[in-house]
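Just so we're on the same page: letters track the sequence lines, and every chain starts at 1. The analysis underlying the following values was restricted to heavy atoms, covering all of them including side chains, and did not include hydrogens, waters or symmetry mates.
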Amino acid sequence: MIKALRGMKDLTFEESERFVHIVTTATTIAKRYGYSYIETPILEETKLFKRSVGESSDIVGKEMYQFEDKGGNDVCMRPEGTAGVVRSFVQAKLDRRQNEKFKFYYYGPMFRYERPQKGRLREFHQFGCESFGEASVYEDFTIIQMIGDIFKALGIGYKLKINSLGCPECMPPYRQNLVEFLTECKDELCEDCNRRIETNPIRVLDCKNEKCQSLLVNSPKLIKNLCSSCDDDFAKLERLLKSENIEYELDTNLVRGLDYYSKTAFEFVSNEIGSQSAIAGGGRYDRLVEFLDGKSTPAVGFALGIERIMELVKMPEVKRSGYYLGAMDEEAIDSLFPLASKKRDTEKVTVEYAPKKLKAHLKNADRVNARYCAVIGEDEFKDRTIWIKDLVEKKEVVVAWEEL
RNA sequence: GUAGGCGUAGUUCAGUUGGUAGAGCACCUGUUUGUGGCACAGGGUGUCGCGGGUUCGAGCCCCGUCGCCUACCCCA
């Protein structure tokens with residue numbers, strides 16, 4: 001038997017229903033916030049991700065589905081959504097249209113070659129939004145609010161963590177500071193952290209190693225070393241969240257795993273889905289458009305993990321709906337089709353092609369969760385009528401074919 | 001890449017010191033030849049992951065292998 005590849009899943013029945021429910025809910029809300037749909041390719045040039053996500057990140061460093069295509073191009077299955085959207089934004093020269101704002105939402109599969117576990121697949125799906133051209137922190141707030149709306153509509157609980165990663169003004173001096181601090185205690189830090197001091201010292205902050213964390217308690221905090229512009233914006237963000245009663249906690253160690261973030265960074269987490277607890281994450285990436293050869297354009301965005309959210313949503317109970325059509329004798333089967341065709345203008349219709357006893361039809365109707373079980377028996381066929389039972393109200397009627 | 005756990009019916013799982021393969025749910029048939037869910041009676045639907053080995057005999061013991069799950073790591 002051929003099975004799906006490791007870390008790749010089929011979704012059917014209630015699972016696929018839940019998947020669609022999440023996408024539709026998120027889409028509806030994103031549209032209310034002025035976002036329009038963007039579809040970008042799954043396959044992109046490897047360079048795109050190296051330059052956006054960053055070569056120091058694990059995603060690019062060791063988790064990409066990377067290969068040479070038949071034309072000899074070095075390509076990757078996208079490991080995340082933002083890079084492709086920004087590439088598309090620049091390619092369409094939307095970056096030249098200064099003072100205009102562009103808001104896009106997307107959803108689709110992402111690929112990372114990791115060891116699968118709970119909440120972590122090799123092919124997984126994200127829903128995300130990217131807002132271009134808006135430098136105001138009000139936009140950061142609005143995006144957080146929108147995610148809150150989505151989770152509220154889906155009926156799931158979460159905790160919001162926020163942090164500021166600073167800007168080109170304040171990040172480099174802080175980084176220098178941090179490197180000095182880390183170098184002093186490097187003997188006690190774990191192997192990974194020692195490597196990160198060179199490659200990406202900020203990543204040391206969210207090391208999961210307990211010993212490292214205990215040493216980091218006294219590390220310099222970026223949040224205390226922001227430039228005045230970043231500091232003002234972060235204060236404003238906190239004020240806005242408070243005034244809208246959006247609960248959050250400051251997490252000074254929150255560092256997004258992708259290199260392109262600056263200023264506002266946030267993460268929505270759940271404690272109900274195992275160790276892979278991040279259900280949404282995002283932040284500001286004012287410099288990414290430039291990195292990808294566009295004109296400097298402020299931007300902010302987020303992505304949410306659909307499979308992780310699927311573990312949290314409860315679907316509304318499915319009610320009986322539509323018609324089940326069947327016949328008790330072979331000669332009556334043909335007459336079902338005009339009736340089905342007519343009913344399908346407005347209703348879900350299931351047709352049984354084999355003649356069966358009434359009891360079997362009722363059972364089938366039950367099984368497909370139909371509201372009405374409609375059967376043509378011997379008498380009905382003679383009279384050109386059909387017997388209909390409402391499976392909820394338990395009422396029965398016989399009507400002429402024309403009246404169905 | 002590392003560590004632990006698990007692979008037996010459609011599904012969830014039991015299976016004793018090695019001795020003819022089991023249960024609940026689901027499914028099918030009937031009680032009811034035109035009335036679903038409920039009840040009752042009956043029905044097992046299986047390459048015990050795969051390949052070797054030990055043994056008179058292996059679901060069980062040994063070796064190997066594949067797969068799944070969880071955690072580290074990473075992140076949505």
J.: When rounded to the nearest Å, what value does the distance between C1' atoms of B:C13 and B:U55 take?
T.: 29 Å

J.: Quick one: label A:K118 by what it contacts on the DNA or RNA (base, sugar-phosphate, nothing), any heavy atom closer than 4.0 Å.
T.: sugar-phosphate

J.: Test A:S131 against every option in A:E139, A:K101, A:R284 by the side-chain hydrogen bond (donor to acceptor under 3.5 Å, both in side chains) rule and name the one that passes.
T.: A:E139

J.: With heavy atoms under 4.0 Å as the rule, sort A:E80 into base, sugar-phosphate or nothing.
T.: nothing

J.: Of the non-hydrogen atoms in A:K161 and A:L254, which two are nearest, and what is the gap between them?
T.: O-CD2, 3.6 Å

J.: Write down the distance separating the C1' atoms in B:G59 and B:A71, rounded off to the nearest Å.
T.: 29 Å

J.: Please give, in whole Å, the distance from B:G49 P to A:K3 NZ?
T.: 12 Å

J.: List the atom of A:I144, the atom of A:L160, and the distance in Å for their closest heavy-atom pair.
T.: CG2-CD2, 3.6 Å

J.: Just compare B:G37, B:U35, B:A76 and give me whichever is closest to any side-chain atom of A:R320.
T.: B:G37

J.: I'd like to know whether the aromatic ring centres of A:F127 and A:F19 sit less than 6.0 Å apart in this structure.
T.: no

J.: Closest heavy-atom contact between A:K263 and A:C230?
T.: CE-SG, 3.7 Å

J.: Give the stems involving RNA chain B, where a stem is 3 or more consecutive Watson-Crick or G-U wobble pairs (i with j, i+1 with j-1, and so on) under 3.5 Å.
T.: B:1-7 with B:66-72, B:10-13 with B:22-25, B:27-31 with B:39-43, B:49-53 with B:61-65

J.: Pick base, sugar-phosphate or nothing for A:A365, based on heavy-atom distances below 4.0 Å to the nucleic acid.
T.: nothing

J.: Let me know, please, whether A:N364 or A:R115 comes out on the 5' side of the other along RNA chain B by nearest nucleotide.
T.: A:R115

J.: Give me the one residue out of A:K395, A:R320, A:R371 that meets side-chain hydrogen bond (donor to acceptor under 3.5 Å, both in side chains) with A:D390.
T.: A:R371

J.: Could you tell me which non-hydrogen atom of A:I38 sits nearest to which non-hydrogen atom of A:F104, and how far apart they are?
T.: CG2-CB, 3.4 Å

J.: Can you say whether a donor on the side chain of A:R120 sits under 3.5 Å from an acceptor on the base of B:C73, or the other way round?
T.: yes

J.: Start at the 5' end of RNA chain B and walk down; is the nucleotide closest to A:L304 or to A:K62 reached first?
T.: A:K62

J.: Let's see if you can work this out: which of B:G34, B:A76, B:G67 has an atom nearest to the side-chain heavy atoms of A:M328?
T.: B:G34

J.: Taking atom types as they are modelled, would you say the side chain of A:Q117 forms a donor-acceptor pair with the base of B:C73 within the 3.5 Å cutoff?
T.: yes

J.: Hey, could you give me the CG/OG distance between A:D233 and A:S136, rounded to the nearest 0.5 Å?
T.: 7.5 Å

J.: What nucleotide among B:C73, B:G36, B:G34 has an atom nearest to a side-chain atom of A:D366?
T.: B:G36

J.: What's the gap between B:C61 and B:C68 when it is taken at their C1' atoms, as a whole Å value?
T.: 24 Å

J.: Counting distance alone, no hydrogens or angles: does the base of B:G1 have a donor or acceptor under 3.5 Å from a partner atom on the side chain of A:E114?
T.: no

J.: Would A:Y106 and A:Y37 count as a close aromatic pair, with their ring centres under 6.0 Å?
T.: no

J.: Please confirm whether the ring centroid of A:Y324 lies under 6.0 Å from the ring centroid of A:H361.
T.: yes

J.: Ignoring hydrogens and geometry beyond distance, is the side chain of A:R308 in donor-acceptor contact with the base of B:C75 at under 3.5 Å?
T.: yes

J.: Nearest to the side chain of A:A278, heavy atoms from C-beta on, is which of B:C75, B:G37, B:G34?
T.: B:C75

J.: Output the residues of residues 383-404 of chain A in contact with RNA chain B, where contact means a heavy atom of the residue under 4.0 Å from an atom of the strand; sort by number or write none.
T.: A:W387, A:K389, A:L391, A:K394, A:E396

J.: Choosing from B:G36, B:C73, B:C68, which nucleotide comes nearest the side chain of A:Q276?
T.: B:C73

J.: Which part of the nucleic acid, if any, lies within contact of A:K356, taking any heavy atom under 4.0 Å across all strands shown: a base, the sugar-phosphate backbone alone, or nothing?
T.: nothing

J.: Quantified in whole Å, what is the P atom distance between nucleotide B:G36 and nucleotide B:U29?
T.: 14 Å

J.: Mind checking if A:G119 touches a base, just sugar-phosphate, or nothing, with heavy atoms under 4.0 Å?
T.: base

J.: Checking all strands, does A:E311 fall into the base, sugar-phosphate, or nothing category for heavy-atom contacts under 4.0 angstrom?
T.: nothing

J.: Are A:Y285 and A:Y260 near enough that their ring centres are under 6.0 Å apart?
T.: yes

